[in-house]
Amino acid sequence: MRNLSITGNRINSAFFQEDVLDVAPKLIGKYLCRAFDDGSIIKKRITEIEIYRGEEDLACHASKGKTARNEIMYKNGGVLYIYLIYGMHWMLNFVTGDANNPQAILLRGIDGIVGPGRTAKKLKIDKSFNGEDLGKSKRIWIEKNDLKAEYTTDVRIGIDYAGDYWKNKAWRLVLK
DNA sequence: GTAAGGATTGGC
DNA sequence: CCAATCCTTACT
C-alpha cells in the first residue's frame, strides 16, 4: 500500500525520548522523509547532525533557561524545534530527551546537501514545522531501519561564543 | 522602547 | 572578505 510508508514504517517518539548522546548515533544515516502537497516525496539519509544538550551546554539555546523561542526543546522528545537564524535561514532540530530536559539535534546535512540552512530550504521547512510531531506528521517523518551507520565526529560549527569547554565538544556527527 | 547579535550563506 | 535580513533577547 502506498500509505504504508507514511503510517507504518516510521520511527516513533520513544526513539527520541532518551539522552541526546544516545539518540544522535542512532539517528545518523537514517532516512528522513518529507511529503509535499503535490504528492512528491523526498527521502534521503541524514548525513550530518550536531548535539545540543541541556541548560549547562553554553552553545545550546536553552543555556539561559526557557524562553518563547526555545520552549519546544522543553517538551518530550520526538517533535521538531524550528528557528530562524541571521534573518533568513530556517534551522531544523529534532527534540530529544524527557520533558523539561532541553536537548536537540541540529540537522546539518542530508544526502547531496551540506549545510543546515540549505538542508532546511531543500525540505521546504518554515516556522509552521515548529512543534511538529515526528510520530504523527503526514509531511515529515523518519523511516525505521536496523542498519548501523558509521560516522566520524568533530567540533560543532558556529558556536565560538560558548567558551573553550563546550566549543571543543566533539558533538558533530558526520556519516562516513 | 531600543539595540545587539546570531547553531549561515552566497557573492565579490 | 563581508553584507544580507529579521527575529529574539537583554537591556535602558
Side-chain angles (χ1 to χ4, degrees), chain A residues 15-30 32 34 42 44-134 137 140 142 149 151-176:
Chain A
F15 174 90
F16 293 95
Q17 288 161 8
E18 297 177 34
D19 192 282
V20 66
L21 294 175
D22 298 320
V23 178
K26 296 191 295 181
L27 183 64
I28 190 87
K30 289 265 189 304
L32 176 63
R34 168 80 167 94
I42 287 179
K44 291 181 181 299
R45 280 180 308 173
I46 293 171
T47 57
E48 185 175 348
I49 54 180
E50 274 176 3
I51 292 166
Y52 289 87
R53 186 171 185 264
E55 294 183 342
E56 59 176 9
D57 176 5
L58 295 183
C60 182
H61 282 175
S63 64
K64 290 169 185 162
K66 187 190 275 190
T67 65
R69 178 176 67 164
N70 70 26
E71 63 176 353
I72 288 291
M73 267 200 288
Y74 287 78
K75 292 187 177 297
N76 273 312
V79 297
L80 298 183
Y81 167 43
I82 309 293
Y83 66 90
L84 186 69
I85 193 65
Y86 298 114
M88 60 190 89
H89 305 296
W90 293 104
M91 302 280 110
L92 186 160
N93 301 255
F94 305 98
V95 173
T96 68
D98 297 322
N100 298 315
N101 184 7
Q103 313 181 325
I105 297 173
L106 170 67
L107 178 66
R108 294 194 59 92
I110 56 179
D111 275 324
I113 303 173
V114 175
R118 291 172 185 158
T119 301
K121 184 178 180 184
K122 177 73 177 180
L123 296 172
K124 290 192 166 64
I125 297 300
D126 58 34
K127 188 74 178 172
S128 76
F129 282 81
N130 196 38
E132 190 88 352
D133 186 340
L134 290 168
S137 175
I140 187 165
I142 294 170
Y151 62 91
T152 57
T153 60
D154 204 342
V155 295
R156 295 174 289 181
I157 293 175
I159 53 146
D160 285 352
Y161 58 82
D164 287 342
Y165 180 75
W166 296 103
K167 141 179 129 180
N168 289 320
K169 287 277 187 191
W171 280 357
R172 181 156 53 97
L173 279 57
V174 181
L175 188 68
K176 275 187 186 170

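In what follows, every chain begins at residue 1, and chains take the letters A, B, ... in the order their sequences are listed.
Of all nucleotides in DNA chain B, those with any atom nearer than 4.0 Å to a heavy atom of chain A start and finish, going 5' to 3', at dG6(B) to dG10(B).
You'll find the side chain of Glu48(A) stays beyond 4.5 Å of the side chain of Pro116(A), heavy atoms only. Counting heavy atoms from C-beta on, the side chains of Leu175(A) and Thr152(A) never come closer than 4.5 Å. Looking only at side-chain heavy atoms (C-beta outward), Leu134(A) and Val79(A) stay at 4.5 Å or farther from each other. Contact of the Ile140(A) side chain with the Glu132(A) side chain is registered, since non-hydrogen atoms from C-beta on lie closer than 4.5 Å. The closest side-chain heavy-atom distance from Val114(A) to Thr47(A) is not below 4.5 Å. The closest side-chain heavy-atom distance from Arg172(A) to Ile157(A) is below 4.5 Å.
Applying a 4.0 Å cut-off to non-hydrogen atoms, the residues of residues 98-116 of chain A that approach DNA chain B are Leu106(A), Arg108(A), Gly115(A), Pro116(A), listed by residue number. Within residues 160-176 of chain A, the residues approaching DNA chain B are Tyr161(A), by heavy-atom distance under 4.0 Å. Near DNA chain C, meaning a heavy atom under 4.0 Å from it, residues 44-63 of chain A has no residue at all.
Here Glu55(A) pairs with Tyr74(A) under the side-chain hydrogen bond (donor to acceptor under 3.5 Å, both in side chains) rule; sequence neighbours left out. Under the rule for a side-chain hydrogen bond (donor to acceptor under 3.5 Å, both in side chains), the partners of Glu18(A) that lie at least two apart in sequence or sit in another chain are Lys26(A). For the side-chain hydrogen bond (donor to acceptor under 3.5 Å, both in side chains) test, no residue two or more places apart in sequence or in another chain qualifies with Asn130(A). In this structure Tyr83(A) satisfies the ring-ring contact (aromatic ring centres under 6.0 Å, His included) test together with His61(A), Tyr81(A), sequence neighbours excluded.
In this structure, CG on Asp57(A) lies 8.0 Å from OH on Tyr52(A), to the nearest 0.5 angstrom. With rounding to the nearest 0.5 Å, the separation of NZ in Lys75(A) from CG in Asp133(A) is 11.0 Å.
In this structure, the side chain of Asn168(A) does not engage the main chain of Val155(A) through any donor-acceptor pair within 3.5 Å. Looking at Asn70(A), its side chain does come within 3.5 Å of a backbone N or O of Thr67(A) through a donor-acceptor pair.
Comparing the C1' positions of dG5(B) and dC2(C) gives a spacing of 16 Å, expressed to the nearest Å.
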- Query: What string of B, S and - do you get for nucleotides 7-12 of chain C, 5' to 3', if B is base contact, S is sugar-phosphate-only contact and - is no contact with any protein heavy atom under 4.0 Å?
  - Reply: SSSS--

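Secondary-structure stems of DNA chain B, taken as three or more successive Watson-Crick or G-U wobble pairs (i with j, i+1 with j-1) under a 3.5 Å distance threshold, comprise B:1-6 with C:6-11, B:8-11 with C:1-4.
Among Arg45(A), Lys30(A), Lys44(A), the single residue meeting the salt bridge (Lys or Arg N to Asp or Glu O under 4.0 Å) criterion with Asp111(A) is Arg45(A).
Heavy atoms of Met88(A) sit under 4.0 angstrom from at least one base atom.
Every pair passing side-chain hydrogen bond (donor to acceptor under 3.5 Å, both in side chains) that includes a residue from residues 116-126 of chain A is listed here, sequence neighbours excluded: Asp126(A)-Ser128(A).
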Donor-acceptor contacts, no H, no angles, side chain residues 97-107 of chain A, under 3.5 Å, sequence neighbours left out:
{"from": "Gln103(A)", "atom 1": "OE1", "to": "Val20(A)", "atom 2": "N", "distance (Å)": "2.9"}
{"from": "Gln103(A)", "atom 1": "OE1", "to": "Thr96(A)", "atom 2": "OG1", "distance (Å)": "2.9"}
{"from": "Gln103(A)", "atom 1": "NE2", "to": "Asp19(A)", "atom 2": "OD2", "distance (Å)": "3.4"}

